[in-house]
Amino acid sequence: MKIDRLIGILAILLQQETVTAPYLAKQFEVTRRTINRDIEDLCKAGIPIVTKQGVNGGISIMENYKIERTLLTNREMQDILAGLHSLDSVNGTNRYGQLMEKLLAGSSDFMSGSQFVLIDLSSWYKDMLAPKIELIRTAIESGRELEFLYYSPNGESTRNIEPYYLIFRWSSWYVWGWCKRRKDFRLFKLNRMDRLKLSEKTFDKRSVPLPDLSNERIFSGGIHVKALFDAECKWRLVEDFGTGCFEEQSDGRLLFHADYTDRENLITWLFSFQDKVKLLEPQNLANEMQQIIKNMEARYSE
């Protein structure tokens, strides 16, 4: 994209005193004429760029122009690099890594030290997620509707939405958009979407509120949980809720307290501990789990 190239050219000029048009053309895999047009655009944007002919000539930013050449610190650039590589981990390409290499071209002194922050946003569903993310990005950029089959606790339904944001939260990917069926903004989980396709219908972009991503908004209904765990479950409790979520009892067991927001999630989470936990409160949920256990016993007795 042109904007990526313009940012890349500016980054190189901020890090090097002088570069040549052939050098920039090679770095960004375009013609010299394209680079000349890009330099003109940067000048129109208010960046005083000077070009000199001859053996020692080239392209540079005006010497006395008051601009901080080191716009970013080494640590800040490392964080940007980690973020760009994390996007590559999602879509299975090296697109963002290549962009970063262009931004860092010729600035090895600035980017001293090795990259030690690594972020991998991929999942078990990477092969299915990557094409969905690319399709949703295309829809957002081109202002086209999306059609898909959606699986929810209430059943399956066909949805048409105007997509606005791709969101990574709670270890999963979501799309935030205007649902034509509900006549409201909704959050859809990519893993629950099937038969996703780009519609021929375009839409005029609305004034879009940012999604409320608080647990209380997405998983309504607070559940005050009290449970007794065996001592060997400590590492799981610490990993999921931190060290302040339980009190060690005299017999070594752990009295767990927490507020949970999703009933189905809570039941699934408790059953993952098998026989190493007893739910004490709320009593109605404990009764429901007991009935589930009886149903399971009857099924396996058949």
Side-chain angles (χ1 to χ4, degrees), residues 120-126 128-129 132 148-157 159 165-177 179 182 184-194 210-302:
D120 190 339
L121 300 181
S122 61
S123 71
W124 295 108
Y125 308 98
K126 181 177 179 179
M128 292 186 293
L129 277 176
K132 287 181 181 178
F148 54 89
L149 180 66
Y150 195 65
Y151 296 87
S152 72
N154 297 323
E156 306 165 20
S157 60
R159 301 296 182 97
Y165 289 104
L166 263 171
I167 300 169
F168 182 78
R169 182 72 188 268
W170 309 293
S171 302
S172 296
W173 283 92
Y174 300 80
V175 59
W176 172 254
C179 179
R182 301 299 184 189
D184 196 5
F185 288 97
R186 288 289 190 273
L187 198 64
F188 297 94
K189 194 172 187 178
L190 266 62
N191 282 347
R192 294 183 184 176
M193 298 165 67
D194 192 21
L210 291 175
D212 182 356
L213 299 177
S214 63
N215 288 346
E216 291 75 16
R217 170 65 178 85
I218 305 302
F219 307 115
S220 59
I223 304 172
H224 303 290
V225 180
K226 184 177 180 181
L228 203 56
F229 286 83
D230 290 355
E232 62 191 272
C233 300
K234 182 183 291 187
W235 68 274
R236 282 276 311 274
L237 298 182
V238 170
E239 178 179 324
D240 293 343
F241 289 92
T243 56
C245 69
F246 59 84
E247 302 164 3
E248 292 197 38
Q249 306 299 292
S250 57
D251 60 359
R253 289 189 294 175
L254 311 170
L255 184 60
F256 171 81
H257 297 269
D259 288 332
Y260 224 88
T261 53
D262 183 84
R263 173 182 155 279
E264 292 295 331
N265 240 344
L266 172 58
I267 292 175
T268 301
W269 182 71
L270 288 170
F271 273 129
S272 71
F273 289 90
Q274 300 177 37
D275 60 347
K276 298 177 178 61
V277 59
K278 180 180 181 181
L279 180 63
L280 305 177
E281 297 176 7
Q283 187 59 52
N284 65 322
L285 199 59
N287 294 339
E288 184 177 344
M289 290 182 64
Q290 190 174 28
Q291 186 59 51
I292 291 173
I293 293 171
K294 289 180 180 179
N295 294 342
M296 291 173 63
E297 184 179 12
R299 173 161 294 187
Y300 279 99
S301 299
E302 293 176 356

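If you read the sequence from its start, that first residue is 1, and numbering goes on from there.
How far CD1 of I267 is from CD of E288: 4.0 Å, rounded to the nearest 0.5 Å. Expressed to the nearest 0.5 Å, how far CZ of F241 lies from NE2 of H257 amounts to 13.0 Å. Summarising the geometry, atom CG belonging to N191 is positioned 6.0 Å from atom NZ belonging to K132; distances are rounded to the nearest 0.5 Å. In this structure, F271 CZ and M296 CE are separated by 6.5 Å, a value rounded to the nearest 0.5 Å.
The neighbour count for E156 CD, taken as heavy atoms of other residues, nucleotides or ligands under 6.0 Å away, is above 12.
F273 carries R236 over the face of its six-membered ring, with the cationic atom under 6.0 Å from the centre and within 45° of the normal.
Of the possible polar contacts, one joining the Q249 side chain to the E247 backbone as a donor-acceptor pair under 3.5 Å is found. Within the 3.5 Å criterion, the main-chain N or O of R253 finds a donor-acceptor partner in the side chain of D251.
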TODO: Apply side-chain contact (heavy atoms from CB on, under 4.5 Å) to the pair W269 and D240, showing each step before the final yes or no.
DONE: CA-CA 10 Å; W269 182 71; D240 293 343; 2.8 Å; yes
- request: For E248 and L254, run side-chain contact (heavy atoms from CB on, under 4.5 Å): C-alpha distance rounded to whole Å, both residues' side-chain angles, the deciding distance at 0.1 Å, then the answer.
  value: CA-CA 5 Å; E248 292 197 38; L254 311 170; 3.6 Å; yes
Just do the side-chain contact (heavy atoms from CB on, under 4.5 Å) check on L280 and L255 with the steps written out, would you? CA-CA 10 Å; L280 305 177; L255 184 60; 3.9 Å; yes
- Query: Given the rule in the side-chain hydrogen bond (donor to acceptor under 3.5 Å, both in side chains) test, do Q291 and N287 qualify, once you have shown the distances and angles that lead to the verdict?
  - Reply: CA-CA 6 Å; Q291 186 59 51; N287 294 339; over 6 Å; no
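Annotation: side chain of L228 is not in contact with side chain of F246 (no heavy-atom distance under 4.5 Å). At a threshold of 4.5 Å between non-hydrogen side-chain atoms, the residues V277 and C233 do not count as touching. Side-chain contact between M193 and L149 is absent, with no heavy atoms from C-beta onward closer than 4.5 Å. No side-chain heavy atom of Y165 sits under 4.5 Å from any side-chain heavy atom of F185.
Closest non-hydrogen pair, F188 versus R159, comes out as CE2-NH1, 3.3 Å. In this structure, G252 and A231 approach most closely via the heavy-atom pair O-CB, 3.2 Å.
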